[in-house]
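These values consider heavy atoms only, across backbone and side chains, with no hydrogens, waters or symmetry-generated copies. Numbers restart at 1 for each chain; the letters A, B, ... are given by sequence-line order, proteins then strands. What you see is a predicted model; the values in this text were computed from it and never measured.
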Amino acid sequence: MERYNFKLVEENWQNYWQKNKSFKTEINKNKKKFYCLEMFPYPSGKIHMGHVRNYTIGDVLARYKTLQNYNVLHPMGWDSFGMPAENAAKENDLDPKDWTEKNILIMKTQLKKLGLSIDWDREISTCSPEYYKHQQMFFLELFDKGLIYKKENYVNWDPVDQTVLANEQVIDGRGWRSGAIVERKKLSQWFFKISKFSDELLKGLDNLNNWPNKVKIMQKNWIGKSYGCEIDFKIEGNSSVEKIKCFTTRPDTLFGFSFLALSADHPLSKFYENDVSFQKFKQQCSKTGTTEESIAQAEKIGFKTNMIAVNPFDKNMKVPVYFANFVLMDYGFGAVFGCPAHDQRDFDFAKKYNLPIKTVVKPNDFKGDYNVDDEAFVGDGVLINSSFLNGLKTPKEAISKAIEEIEQRNAGKKKVTFRLKDWGISRQRYWGCPIPIAYDEKGNFVTVPKEQLPIKLPENIVLKTKGNPLDHQVEWRKISINGKSYKLETDTLDTFVDSSWYYLRFCSPKNKIYGYDFNDIKYWMPVDQYIGGVEHAILHLLYSRFFMLALSHDNKKFIDKEPFEGLFTQGMVCHETYKDKKNNWLSPDEVYSEDGKNFFKIEDQKEKVIVGSSESMSKSKKNVIDPEKIIENYGADAVRLFILSDSPPEKDIQWSEQGMVASYKFIQKFWLLHKKVVEKIKSNNKGSNIEGLNVYTNKLIQKFSNNLEKFNYNVIIANIYETYNFLIKEIEKDYKSDILRENYIKILTLITPVIPHIASEAFKELNHEDGLQWPKADDRFLDDKFVNIVVQINGKKKSLVKVEKDLEDDEVINTVKKNEKISNFLSDKILLRHIIIKNRLVNFIVK
RNA sequence: GGGCGAGUGGCGGAAUUGGUAGACGCGUUGGUCUUAGGAACCAAUAUGGCAACAUGUGAAGGUUCGAGUCCUUUCUCGCCUACCA
């Protein structure tokens, strides 16, 4: 029997698609557009299984929408600036550009082997001057709009990568790439004023109905809007300090005020800098806050000042002012008022320093005297011991009354605070987009005029320097603007800037005068479906949303301000981990197993391998499977089938060699089935028209389309298997050739998005290659003539009875009662009543 | 500490959203064909029972004619987040 030669077939089709530019897209106003975008990869060297999953999911959708006659934009590009290139170049004495371009070439070849329906004519690479030129122009534009500024402040400094990190890039106190413990350093930095849009970014989330709730909640928490008020506390004891401003969400607890706490970085710390014990305290503060546990269990420590704060509600209530380690400088005003009875942190602090704990809120349902004892009470309740606030309910009544009072006394005002901070975009790195700023000899900066863009990165430079290699590029830094000499800025842009607008560039990848063309984005934007990993839930997605707001700010031409209409976050690809007895990680290639339970080293067959938990594939744990080898062995269709089959796409999937083999075998089996069908069709049978196939096909169309829309891709694969199981039997029946052909074409169309190579080959054999259309389910065949009625006694299923569809209730009951099993059940019982659901179920209630 | 989500066969997972629990795949068992099979095909596969039948979706209650699905309580696991005032 002829075996299906996937290598030949897949290569042929991939060449055909490339030669014919089958996936090239242009604006076509007669068609509805669909912009399908997957997060573009960093060109690290080779594609990994995560890419395979991501791009397969996207490709199924893109091909499905194409068959539905949408004009589909499905582009691909490279997020090609970033530190791995610079590090690899340093290690191997290469140029980052060469390293990157080589990787892109390899990965592009690999992606093509997956058979993705990508318009490669739109390929972009963020490290090319044609791309970053426009980014520099956007920089100027945002600068002119007042959305960019420079300021000196503390930054997260990664000592290994020698660069600044955004807050979002610091995970558990460590750099997200290097894993080094992040230090605090004061530097002059460029910032995007993302905080200007805090409210818009928050409100915009409400309209993103096709985003996972999880991601919206994460962004909401990140933006962190809180309602409260600012309070100015009068200060005594330090002649140069009149008042201290605090932010609070609980002004209602002001009568429980027992201390005021400042951040160690608070401006007022300047009065204590020469105090040895303050220095000691500050040192202690910087030690804590690296690991999860230390943050959670960090002891509250403080430094008592000579200042005294006065309660605006009662001039006689005077409390000490401390510096405390749990107060953050970059939230609110870096100062809080402490109410130990109703805040756990304040409670811990008060306990440690023996400060009074005065209860001012009593739980709603509490009867009698209430006193906070061994932990703070933070729930809702009624105000007590609080003068004019007594008896008011908190949060609602008491808080608004308290704010009212504070405002009346001129001691503060209502205030909304956001957690979201401005986005620091300066990086002390070579391999990134140069910032179009230049300095005169006095250090004053000017923007580089548009006409002088792009500022290209110097090539073939020495990278093994301390700090930023660009600092050493004396010649490159020289620039003349309007006849005056300046020196270029050496910071480059955070690579998250590159990916904040690439989806716009895909709409006009070749546009020379500007980053995009308005006609193009008017037609294509927003991205209808964006697909990628949930790890970008905050960083990349928030920045992209910001970029749209920034570009559309003061620009009436913009219609859509949200870049991504739909978002889908796929799960990770996992694999078991293996270790040898010396505790070294082993790759799956290095181990074997006969029973699937006990694993041994291939090298030394006596050595038993320790099998660890299944985790996301990563180089460090060596639990990776190379997609290239898998495609080589089993073919792209089989890989696509498997990567979609075992788990819902939003959940993690376990890589399984057995599962992969099963998918491969299915492709082979399917081809044999196909051959049989073709033979039957060719036989030109004038035989009978059996309903079974029509009914199956049309029901399948309905099911399949529905599952596709809902991203139930694993169920689609099950539908494909089911269809095989059905057809392999049904094909033996005496079908009329044209009925068979008609149905088979519909079925083939359904499976095309998932396994495009074999489906295309099958269509070719049927001489049915052009004008493929997603089939519509024909109602005539969806209506069954008979239905199976579930018969229950007291709600428990007892039998199934086949009756005519839409039969009158009385007749259904009569038919069902005649059923032997049911009549036996009913014979010695008293029938109280019955419940009947049309075409579905009869339930007899008996005694 | 806070937020989100999930608990269904030996395993991954289905279930038209309140109406036949376990689709589909893996694995396992038996069989056919084979010199052989880690190939192919056929059959079985939630549990107990020879069977009729009974019991079954983390646990306990509840609503309902009927609950994997809704409500309450509870346990376990996963992910995210973190001294945010």
Please check the phosphate of rG13(B) (OP1 and OP2 only) for any side-chain N or O of Ser647(A) closer than 4.0 Å. yes
Taking OP1 and OP2 of rA14(B), is either one under 4.0 Å from a side-chain nitrogen or oxygen of Asn714(A)? yes
I'd like to know if Gln792(A) reaches the base of rG19(B) with its side chain such that a donor and an acceptor end up less than 3.5 angstrom apart. yes
side-chain N/O Arg345(A) vs rA85(B) OP1/OP2, d < 4.0 Å: no
Between P of rA15(B) and CG of Asn719(A), the distance in whole Å: 10 Å
Checking N1-N3 plus N6-O4 or O6-N4 for Watson-Crick, or N1-O2 and O6-N3 for wobble, each under 3.5 Å, the partner of rG66(B) is none
Residues that Phe781(A) engages under ring pair (Phe, Tyr, Trp, His ring centres under 6.0 Å), provided they are two or more places apart: none
Measure from the side chain of Val790(A), starting at C-beta and using heavy atoms only, and say which of rG13(B), rC26(B), rU20(B) lies closest. rU20(B)
Whom does rC79(B) pair with, Watson-Crick or G-U wobble, provided both distances fall under 3.5 Å? rG3(B)
Provide, to the nearest angstrom, the distance between the CH2 atom belonging to Trp655(A) and the C1' atom belonging to rG12(B). 14 Å
Should we say atom NZ of Lys798(A) is surrounded by more than 12 heavy atoms from elsewhere, each under 6.0 Å from it? yes
rA23(B) to rG12(B) separation - P atoms, rounded to the nearest Å: 15 Å
Could you give the distance separating rG22(B) and rA46(B) at their P atoms, to the nearest angstrom? 10 Å
Which base, if any, makes a Watson-Crick or G-U wobble pair with rA52(B), both distances under 3.5 Å? none
With Asp348(A), the side chain to side chain donor-acceptor pair (under 3.5 Å) member among Lys352(A), Gln344(A), Lys351(A): Gln344(A)
Does any part of the side chain of Tyr4(A), heavy atoms only, come nearer than 4.5 Å to the side chain of His674(A), both counted from C-beta? no
Go nucleotide by nucleotide along RNA chain B from the 5' end; which of Ile845(A) and Leu841(A) gets its closest nucleotide reached first? Leu841(A)
Looking across every strand, which nucleic acid part, if any, lies under 4.0 Å from Asp343(A) by heavy atom: base, sugar-phosphate, or nothing? nothing
Base of rU17(B) relative to its sugar, syn (within 90° of 0) or anti? syn
In the structure shown, which nucleotide is the Watson-Crick or G-U wobble counterpart of rC41(B), with both distances under 3.5 Å? rG31(B)
Judged by nearest nucleotide, the residue sitting upstream toward the 5' end of RNA chain B, Asn213(A) or Ser226(A), is Asn213(A)
Under 4.0 Å between any heavy atoms, over every strand shown, what does Lys225(A) touch: base, sugar-phosphate, or nothing? Just pick one. nothing
Quick one: CD1 on Ile301(A) to CZ on Phe326(A), what's the gap to the nearest 0.5 Å? 11.0 Å
Is there a donor and acceptor pair, one atom on the side chain of Lys300(A) and one on the base of rC83(B), closer than 3.5 Å? yes
Span that lies between the P atom of rC26(B) and that of rC41(B), in whole angstrom: 10 Å
Lys703(A) side chain near rA15(B) phosphate (N/O to OP1/OP2, under 4.0 Å): no
Check the chi torsion on rG9(B) and let me know: syn if it falls within 90° of 0, anti if not. syn
Residues Asn714(A) and Asp646(A): side-chain donor-acceptor under 3.5 angstrom: no
Please give the distance between the C1' atoms of rA15(B) and rU57(B) as a whole number of Å. 11 Å
Side-chain N or O of Lys665(A) versus OP1/OP2 of rA40(B): is the shortest distance under 4.0 Å? yes
What does Tyr721(A) touch in the nucleic acid at a heavy-atom separation under 4.0 angstrom: a base, only the sugar-phosphate, or nothing? sugar-phosphate
